[in-house]
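Nothing fancy with the numbering, it's 1 onward along the sequence.
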Amino acid sequence: MRRAAGLLLAIAACGRLHFASVDRTDAEQVDAVPCTPAAAHPTLSAITGGQIVLGAPTSDLSIAMSVPIASSILFTSLAEAEPSPTYGGVMCMLSAVALDCQRTTAGTDYAASDGVITVQWTIVTFSDGVEVRRGTARTPTTVTLTQAVDLASSFVLLDGVTGDVGTGWGDNEFVRGTLTDPQTLELDTFTAGVTVGWQIVTMTGTSVQRGTATLDTATTDQAITGPGPAAGEIVLASYTADNTASETANGLMLAADIAPDGSALLDRDAPGPNLAAGWEVVSTPFAVERGTIAMTAGQTDGSAAAPGVTPTTTVAFAGSEAVLGQAGGSTGFDDMVILDLLGEAAATFVVSPDTVLAHRHTALSTAEIPWQAIDFSRDRCAAP
């Protein structure tokens, strides 16, 4: 584990570091670098959100809605208890008339699961300053954009995978999404396999640093030098896995976090297959709170203090998005019979006043899930 259980690290928007336990005891503050206000901000129009619950008999569920998809960002986090992609692979896609989430096959092949998958979704719409391109693609593939994007202010979101029939999460389900030039998005899996939902978000006032990193079979941690301490930062990471043999979730699920010095950290609980990651450190113009929710075996729900956040203007999500949307963390799960129960390290995130809540559907082992919450109503230097 990266941290002692119960310890959260949250970078406040004014440039101070807040340390608080999961039960939200009083915060201890430590001086950090001064904050530089953003020069420009997109204008928030609306935030809507809710849950899509795929019951055991359900493989596809849509919610009718009307949103301007060219200026709306979809965030998804997911809770499930499915050790096979046949039943656990879920992809969500936003269109002008509906939000649709689908999995390959309804039901479950795992006796301890009720076959229910919960998707927490949030749609953030802007009246200016944001452009979103989106689609679905079968991997591995190269998507050629019809219109070039600004690499310096664009980042990639992946919203889950579907379409694979298999008894284990293998080398064809974990997706790496990488912008390689202004008109090229590479969507890679180690072998051919899944359909992935993708978004490219271009945001005014944002700067993006990106790169790749490799964790070999013996490596559990990879530190990445970032642009330096700053407020308003989020991290996004996706990766391929070459696990042609059976692997447990503690070596497959990779957490993504940002350290106080601005560097990113990719971390899994134990050695495992080779993981080839693509990462982005995104400096947004908005206030960002962050932390890690650590759960013990048997614990399905956790919470963290997030000073100043409110459901009407904030979205919370994880930075690791290779397979289950923006939901991933790390886990100690190492059962060689059940093997790759990825839901041990995946959670839905809900924002309530000054608090982020997380829920997972399976809790046979420990989990550490870093989260980040963007408040689109506050400048990155605004106090909570």
Side-chain angles (χ1 to χ4, degrees), residues 2-3 7-20 22 47 49 73-78 120-122 124 155-159 199 201 203 206-209 224 226-227 229-238 254-267 279-294 302-311 313-322 324-330 345-352 354-358 367-380 382 384:
R2 293 188 305 278
R3 306 167 181 82
L7 185 67
L8 297 176
L9 172 61
I11 299 180
C14 62
R16 290 181 177 271
L17 300 181
H18 295 248
F19 295 85
V22 171
I47 288 185
I73 308 172
L74 171 66
F75 295 89
T76 57
S77 55
L78 187 149
Q120 185 73 36
W121 60 270
T122 305
V124 187
F155 53 92
V156 177
L157 294 174
L158 301 181
D159 290 304
Q199 301 173 88
V201 180
M203 180 178 289
T206 293
S207 61
V208 181
Q209 180 179 352
I224 298 161
E233 287 186 345
I234 63 171
V235 61
L236 296 166
S238 55
L254 186 67
D257 204 355
I258 296 180
D261 64 0
S263 62
L265 177 66
L266 305 179
D267 171 77
W279 57 268
E280 294 175 319
V281 175
V282 184
S283 297
T284 80
F286 300 108
V288 174
E289 301 291 334
R290 70 175 65 256
T292 295
I293 292 180
S303 63
V309 304
T310 174
T313 60
T314 304
V315 60
F317 56 98
S320 183
E321 56 177 7
L324 299 176
Q326 295 89 48
S330 62
T348 56
F349 296 93
V350 177
V351 176
S352 65
D354 300 316
T355 307
V356 170
L357 307 172
E368 286 191 346
I369 307 179
W371 57 269
Q372 44 209 352
I374 307 176
D375 186 342
F376 295 102
S377 70
R378 287 191 286 145
D379 180 85
R380 62 191 179 196

In terms of heavy-atom contacts, Ala318 and Gln372 come closest through C-NE2, 3.9 Å

About how many Å separate CD1 of Ile369 and CG of Asp257, when rounded to the nearest 0.5 Å?
12.0 Å

Under 3.5 Å donor-acceptor, Thr348 side chain and Gln120 backbone:
no

Exercise: identify the closest heavy-atom pair between Glu368 and Ala255
O-CB, 4.4 Å

Closest contact, heavy atoms only, Phe349 versus Ala316
CB-O, 3.6 Å

Derivation of the side chain to side chain contact (heavy atoms under 4.5 Å, CB included) call for Asp159 and Gln326:
CA-CA 7 Å; Asp159 290 304; Gln326 295 89 48; 3.4 Å; yes

Could you go through Ile73 and Met203, starting from their C-alpha distance and side-chain angles, then the distance that decides it, and tell me whether this counts as side chain to side chain contact (heavy atoms under 4.5 Å, CB included)?
CA-CA 11 Å; Ile73 308 172; Met203 180 178 289; 4.0 Å; yes

Side chain to side chain, Leu357 and Thr355, heavy atoms closer than 4.5 Å
yes

Look at the rings of Phe376 and Phe75 and say which category their plane angle falls in: under 30° parallel, 30 to 60° tilted, over 60° perpendicular.
tilted

Measure across Ser77 and Ala327 and return the closest heavy-atom pair with its distance rounded to 0.1 Å.
CA-CB, 3.9 Å

Between Glu289 and Pro307, the two heavy atoms sitting closest are OE2-O, 3.3 Å

Only one of Ile47, Val309, Val288 forms a side chain to side chain contact (heavy atoms under 4.5 Å, CB included) with Thr314, so which one is it?
Val309

Checking Gln199 side chain against Leu74 main chain: does a donor-acceptor pair fall under 3.5 Å?
yes

Does the side chain of Ser283 reach to within under 4.5 Å of the side chain of Gln209, using non-hydrogen atoms?
no

Let me see the working for Phe317 and Thr122 under side chain to side chain contact (heavy atoms under 4.5 Å, CB included), right down to the final yes or no.
CA-CA 10 Å; Phe317 56 98; Thr122 305; over 6 Å; no

Can you name the closest pair of heavy atoms from Pro370 and Ala256 and give their distance?
CB-O, 3.4 Å

In Å and rounded to the nearest 0.5 Å, what is the CG to CH2 distance from Leu266 to Trp279?
9.0 Å

Option passing side chain to side chain contact (heavy atoms under 4.5 Å, CB included) with Leu236 (candidates Val281, Leu157, Val156, Val208)
Leu157

If we ignore hydrogens and angles and just use 3.5 Å, is the side chain of Asp354 paired with the main-chain N or O of Gly308 as donor and acceptor?
yes

Once rounded to the nearest 0.5 Å, what's the spacing between atom CD1 of Ile374 and atom CD1 of Ile234?
4.0 Å

Mind checking whether Ile293 and Ser303 have side chains closer than 4.5 Å, heavy atoms only?
no

Any donor-acceptor pair under 3.5 Å from Thr76 side chain to Trp121 backbone
no

